[in-house]
Amino acid sequence: MKNSKVSDCQMVDIRRYSDTRGYLSVVESGIDIPFDIKRIYYLYMVPEVARGAHAHKELQQLLIATSGSVDVIMDDGCEKKTFHLDKPWKGLLIPSGLWRDLEHFSGNAVLMCLASDGYNEHDYIRDY
Ligand code: T46
């Protein structure tokens, strides 16, 4: 497992194209993000609860609030930093090995996650 730091998390601008019909954003492996996308999932209709509360041994992810807003609190054991995601053209690139908590989902929030691998419960660290 990589020993990442909170400072290794990056807010990235998602490529976007606009014309009179509105905006289109795109994320391509190897161009916009440094990993191959193996899985996409999204969180929505989240009530007043916290989610997350785990780290991943190997998984890398890009999180995008495609609608609404959410706070992602990243924690490497020494430093904690809150990233407020509220724009569909901003993404939080998360390397492996970092604890994350997800809080304050707005009522209309849709949090899309692009992941470097398939779902694997053995990749989760749930004990802080
Ligand atoms: C993360 C944050 C941002 C699956 O069957 N396949 C999947 O790909 C995922 C992600 C989940 N599940 C099942 C496992 C659980 O029974 O969906 C249920 C809820 O998953 P979880 O409790 O892990 O959800 P969150 O919101 O706490 O965490 C998720 C991701 O698991 C995690 O990787 O970084 O979103």
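Note that the structure is predicted; figures quoted are calculated from it, not measured. In each ligand, atom 1 is the first atom listed, and ligand 1 is the first ligand listed. Each residue takes its place number in the sequence, starting with 1.
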Inset, instruction - Return a yes/no value for Y41: is any of its N or O atoms, backbone included, closer than 3.5 angstrom to an N or O of ligand 1? - result: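 Yes, at least one N or O pair falls under 3.5 Å.
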Can you name the closest pair of heavy atoms from [X] and [Y] and give their distance?
X: V6; Y: L98; result: N-CD2, 4.0 Å
X: R39; Y: G118; result: NE-C, 3.4 Å
X: V46; Y: F105; result: CG1-CD1, 3.5 Å
X: I64; Y: G91; result: CG1-CA, 4.1 Å

Inset, instruction - Report yes if the side chains of H84 and H104 come closer than 4.5 Å at any heavy-atom pair, otherwise no. - result: no
Legend entry - Heavy-atom check, side chain of K90 versus side chain of L85, under 4.5 Å: no
Inset, instruction - Could you tell me the residue and atom name of the protein heavy atom closest to atom 28 (O) of ligand 1, and the distance to it rounded to 0.1 Å? - result: H54 CE1, 3.3 Å
Inset, instruction - Starting from atom 15 (C) of ligand 1, find the nearest protein heavy-atom neighbour and note its residue, name and distance. - result: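 For atom 15 (C) of ligand 1, the nearest protein heavy atom is Y119 OH, 4.4 Å.
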Inset, instruction - For R39, counting its heavy atoms only, list the atoms of ligand 1 lying under 4.0 Å from any of them. - result: 7 (C), 8 (O), 9 (C), 10 (C)
Inset, instruction - Give the atoms of ligand 1, by number and element, whose distance to some non-hydrogen atom of G52 is under 4.0 Å. - result: 25 (P), 27 (O)
Inset, instruction - Output yes when a protein non-hydrogen atom is found under 4.0 Å of atom 8 (O) of ligand 1, and no otherwise. - result: yes
Legend entry - Test item: protein heavy atom less than 4.0 Å from atom 18 (C) of ligand 1: no
Legend entry - Partner of H56 by ring-ring contact (aromatic ring centres under 6.0 Å, His included), out of Y124, W99, Y119: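 Result for ring-ring contact (aromatic ring centres under 6.0 Å, His included) with H56: Y124.
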Inset, instruction - Using a 4.0 Å heavy-atom cut-off, say whether L102 meets ligand 1 through its side chain, its backbone, both or neither. - result: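 It is the side chain that touches ligand 1; the backbone stays farther off.
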Legend entry - ligand 1 versus L43: contacting region, heavy-atom distance under 4.0 Å: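 The answer is the side chain.
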Inset, instruction - Decide whether the shortest distance between a heavy atom of H56 and an atom of ligand 1 is less than 4.0 Å. - result: yes
